[in-house]
Amino acid sequence: MNDLQERENWTSKLGFILAAAGSAVGLGNIWRFPYVVGTNGGAAFLLVYLVAIILIGYPVIIAEMSLGRNSQKNPVGAFKDLAPDTSWWLVGALGVFTGFVILSYYSVVAGWSMAYIVQAANGFTSDMEFANLFAGHITSVGEPLLWHAVFMGITVGIISAGVVKGIQKTVKILMPILFILLLVLVFRSVSLEGAEEGLAFYLAPDFGDLSWQSFNDAIAQAFFTLSLGMGAMITYGSYLSEDENISDSAGYVLGLDTLVAVLSGFAIFPAVFALGLSPDAGPGLTFITLPAVFAEMPLGTFFGFLFFLLLTIAAVTSAISLLEVVVAYIVDEHEWERKKAAQVVGIIIFLVGVPPLLGYSALSDFEFLGMDLLDTYDWFANTIFLPLGGLLTAVFAGHIWGARNTAEEANKAEGTLSVGNLFGILIKYVVPIAIGAIMIVGIWQTFAG
Ligand code: PHE
């Protein structure tokens, strides 16, 4: 590590939990989760998802935080430190690369959300054609490019300021705002006339709705939403002091992330059903179906504005964790100054995000397995990189560094929760087998379908 740059520590337990929860809570919860539930038939999928979060998400998040805190390093440095003279550091390198790829298109989608804050402020009215409005936005170039740049600029600004003055300070302000906005939107949605039908869709399971694809989607969603499989939690764990119990902190992060995802469903489905729309619009649910909902509901413009503000805030607190993974790697391993690392990496990521942004206009001829460029980036990240990173991290924590070392690190400080034998079984066998299976099914289905 660079002697000139002391490694920072979160200044409080709350600071760490909010930062990690901020990373977890993002577009994955508010944009992706509802449409994945919507296309998988609702309540039954929700149950499968919750099981995946507990049996797979919880052990992996503990493993990542423990690897990070024990080594006090970025993902590459962590594997080097815990298994010197082996090739395991490549898992960390895969993570850094994945962070790079995800942030590049994440910022494009976050840019759409920013554009929609402005759009909402100007008013959504019932005579608008929302599918055309959205298509018009993403097929243009200048505006999406501008918002993509603004979003990356904000992310770089926060990361340049450091772990405590940048990340921790930001999440302490933004996370409470996020919760309040979300609660306001949930109350608005469930109090609409005709909300019951949406509640039934969301809460009354029909297991006939499940397919293999549902299990696949549930596990992939669990990884993405908890920011697992690419070293974000290793990096955040590396700034955590020895006085904090990781089993507890990971539990809080998991709980908050799940709460926000579940509440997003309550904010969205009752409103969608109340206005007679369909929940299975896919990625367009947030940008096409919801504006139509806001156009019809009382004070819809105001709530629409709040919603896109909420979505953007959630995206910011996740994007900073993606950038931090790459920056921590460069600062630790290549001894760059933080600010310079953040700026240079930020510009490169911005550029890497330009092709998926243009995938709806200049590069719309590009097609990979029937997907546009943005979906292609997303497919590689979610179907290959994150599960692969998670699988290898679990194997490393369970078998190489060892489940016992991992559990010991997690339980180091006094806490309410502590992990033991069950954790060992999950991290050594259940997690790798489950992820291996979904990866094979996911890849097979993509190529067969
Ligand atoms: N968890 C974030 C979300 O739900 C996305 C993310 C993935 C962030 C991986 C960091 C690392 O939007």
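We count ligands from 1, going down the list as the structure has it; atoms in each ligand are counted the same way.
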**Message:** I'd like to know if Asp332 and Arg7 make a salt bridge, using a cut-off of under 4.0 Å between side-chain N and carboxylate O.
**Reply:** yes
**Asked** Between Trp401, Phe396, Tyr329, which is the residue that forms a ring pair (Phe, Tyr, Trp, His ring centres under 6.0 Å) with Phe79?
**Response** Phe396
**Prompt:** Under a 4.0 Å heavy-atom cut-off, which residues neighbour ligand 1?
**Reply:** Ser23, Ala24, Gly26, Leu27, Gly28, Asn29, Tyr106, Phe224, Thr225, Ser227, Met230, Ser318, Ser321, Leu322
**Fill in**
For residues 145-178, the ring-ring contact (aromatic ring centres under 6.0 Å, His included) pairs (sequence neighbours left out) are His148-Phe350
**Message:** Which residues pass the side chain to side chain donor-acceptor pair (under 3.5 Å) test with Asn245, not counting sequence neighbours?
**Reply:** none
**Item:** Ion pair Glu337/Lys340, N-O distance below 4.0 Å
**Value:** no
Enumerate, atom names and distances included, each donor-acceptor pair closer than 3.5 Å involving a side-chain atom of residues 53-65, sequence neighbours excluded.
unit_1, atom_1, unit_2, atom_2, d
Tyr58, OH, Ser247, O, 2.8
Glu64, OE1, Met233, N, 3.4
Glu64, OE2, Gly229, N, 2.8

